[in-house]
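All chains are named by letter (A, B, ...) in the order of the sequence lines, taking the proteins before the strands, and each is independently numbered beginning at 1.
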2 protein chains.
Amino acid sequence: MPESSVKKPSRIQLRNRRVILDAALEVFSKHGYRGATLDQIAAEAGLSKPNILYYFDGKEDIHVTLLSQLMDTWLDPLVALDPNGDPRREILDYIDRKLKMAVELPRESRLFANEILQGAPRISPELHSHLKPLFDEKCAVIAGWVDAGKLPPLDPQHLLFSIWATTQHYADFEAQARVLLGAEADPQPRALAHLRAMFGALLAQPG
Amino acid sequence: MPESSVKKPSRIQLRNRRVILDAALEVFSKHGYRGATLDQIAAEAGLSKPNILYYFDGKEDIHVTLLSQLMDTWLDPLVALDPNGDPRREILDYIDRKLKMAVELPRESRLFANEILQGAPRISPELHSHLKPLFDEKCAVIAGWVDAGKLPPLDPQHLLFSIWATTQHYADFEAQARVLLGAEADPQPRALAHLRAMFGALLAQPG
DNA sequence: TCGTGGATTTACCAAATGGTAAAAAAACAA
DNA sequence: TTGTTTTTTTACCATTTGGTAAATCCACGA
């Protein structure tokens with residue numbers, strides 16, 4: 001059994017753990033936690049089921065590992081929001097990064113959405129330890145901008161909610177968008193233009 | 001066996017089908033389709049599992065029935081968008097209704113979100129037959145307002161996406177919002193104020 | 001090349017789960 | 001009340017699924 005804290009993982013361990021996590025991301029994001037089976041993940045990874053359980057303690061272990069690793073990536077765009085930058089530009093750039101990430105990493109977006117939809121039973125600790133502090137920090141930054149008169153009065157918390165909701169919507173509800181937009185090749189450019197217009201209007205200084 | 005097309009359903013049938021669908025909504029919205037079990041639904045409904053299968057052909061039948069019945073309710077706010085009303089007021093009122101519905105019917109919102117997240121495997125027909133025509137119709141209405149100069153240039157399709165995303169976010173990602181907003185009693189008033197400000201800014205006539 | 005520990009497979013298992021058959025019970029019309 | 005139909009329960013079943021034990025294979029350092 002691979003000892004996590006004693007020996008450093010071999011090349012095979014490193015490769016297979018990565019392969020398994022990638023397969024699991026594919027399957028979990030498509031079917032949700034309960035809907036995914038170890039057999040599916042094994043097939044996707046090109047490994048046998050017991051072999052997968054050789055690298056992870058169980059289905060839940062895989063899921064939690066995925067979510068934890070993903071959390072950091074997922075928060076990167078918000079981390080990059082610079083308190084010293086120009087407020088409007090910072091927020092609009094953040095929207096760009098967030099939409100780009102949702103479009104490029106739809107599996108990750110759906111994995112998170114699934115988990116939150118179910119009440120975040122397995123990621124709740126990470127939410128408190130990682131997301132919450134960052135959220136509070138950046139809300140304070142935005143509130144500071146508002147107080148300094150650099151932004152019109154607005155609610156930082158709900159502003160961030162709106163940004164998350166609108167950007168991730170394109171990944172999470174892709175099935176709906178496909179039906180409604182028809183065979184449109186790539187909705188991203190129009191989506192981005194719309195979001196920039198919308199949030200740009202909100203952030204515009206009155207007068 | 002209850003014959004759907006021949007005899008009219010008895011009082012018992014009517015009551016039990018309603019009880020079962022309500023229990024199923026509770027369970028499906030909480031655990032997703034695969035995560036929900038007939039035993040859970042039976043327990044929630046206070047009936048035995050075989051008794052439930054006496055009223056429905058199977059798990060999928062219950063799910064599809066739920067989704068179909070829900071679709072109408074879910075589209076009501078958009079149906080009420082009046083082509084002859086004042087454009088800005090119509091859209092802002094629509095946002096009010098949509099947010100109210102998401103907050104009051106979070107189980108329904110999550111049921112839909114779950115289904116769409118999984119790629120809409122069971123509701124795809126309804127999407128094409130009900131949602132798509134209504135979507136196209138109302139997009140045309142909004143586009144007409146834009147063409148008539150009653151609204152600033154905007155993308156009707158992505159406007160509706162944004163409204164859906166932001167309003168349903170409060171139901172679908174409630175677990176996240178609970179963590180981030182702390183023990184705040186009712187986020188709805190601030191959410192509504194934010195959404196009115198945001199979409200109000202977008203819809204404001206330039207100049 | 002040989003031995004050892006890490007990696008993989010084979011053959012399972014127990015529990016959960018969707019579903020069924022048929023008997024029993026309840027409701028109801030005559 | 002009686003006969004019939006509807007509703008409910010009891011007792012199952014086959015499959016799926018997460019997981020395990022043990023044997024086997026294989027990479028690699030000495």
- Item | Contacts of A:Glu108 that satisfy side-chain hydrogen bond (donor to acceptor under 3.5 Å, both in side chains) - sequence neighbours left out | none
- Item | Electrostatic pair A:Asp136-A:Lys132, nearest N-O below 4.0 angstrom | yes
Below the 4.0 Å mark, does [N] have OP1 or OP2 next to a side-chain nitrogen or oxygen of [X]?
X       : N      : result
B:Tyr54 : D:dT8  : no
B:Arg34 : C:dA16 : no
B:Ser48 : D:dT8  : no

[X] [atom1] to [N] [atom2]: how many Å, rounded?
X       : N      : atom1 : atom2 : answer
B:Leu53 : D:dC12 : CG    : P     : 19 Å
B:His63 : C:dG18 : NE2   : P     : 13 Å
A:Phe56 : D:dT20 : CZ    : C1'   : 18 Å
A:His31 : D:dT16 : NE2   : P     : 15 Å
B:Gln40 : C:dG19 : CD    : P     : 15 Å
A:Leu14 : C:dA7  : CG    : P     : 11 Å
A:Gln13 : D:dC26 : CD    : C1'   : 15 Å
A:Lys59 : D:dT20 : NZ    : P     : 15 Å

- Can A:Gln168 and A:Ser109 be counted as having a side-chain donor-acceptor contact under 3.5 angstrom? no
- Report which part of the nucleic acid B:Thr37 touches: base, sugar-phosphate, or nothing (heavy-atom distance under 4.0 Å, all strands). sugar-phosphate
- Message: Base, sugar-phosphate or nothing for A:Arg15? Non-hydrogen atoms, less than 4.0 Å.
- Response: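 Answer is nothing: A:Arg15 stays at 4.0 Å or more from every strand.
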- Query: DNA chain C: B:Leu38 or B:Ile12, which has the more 5' nearest nucleotide?
  - Reply: B:Leu38
- Query: Between B:Arg11 and B:Ala36, which is nearer to the 5' end of DNA chain C once each is assigned its nearest nucleotide?
  - Reply: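 Its nucleotide being nearer the 5' end, the pick is B:Ala36.
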- Message: I'd like to know whether the aromatic ring centres of A:Phe112 and A:Phe28 sit less than 6.0 Å apart in this structure.
- Response: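 No: the rings miss the under 6.0 Å criterion.
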- Please check if atom CZ in A:Arg190 has more than 12 non-hydrogen atoms from other residues, nucleotides or ligands closer than 6.0 Å.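 Check passes, neighbour count above 12.
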- Note on the structure: By nearest-nucleotide position on DNA chain D, the 5'-leaning member of A:Pro50 and A:Gly35 is A:Gly35
- Query: For the side chain of A:Asn51, counting heavy atoms from C-beta on, which of D:dT6, C:dT8, D:dG18 is nearest?
  - Reply: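 Shortest atom-to-atom distance from the side chain points to C:dT8.
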- Donor-acceptor pair under 3.5 Å, B:Lys49 side chain vs C:dG18 base: yes
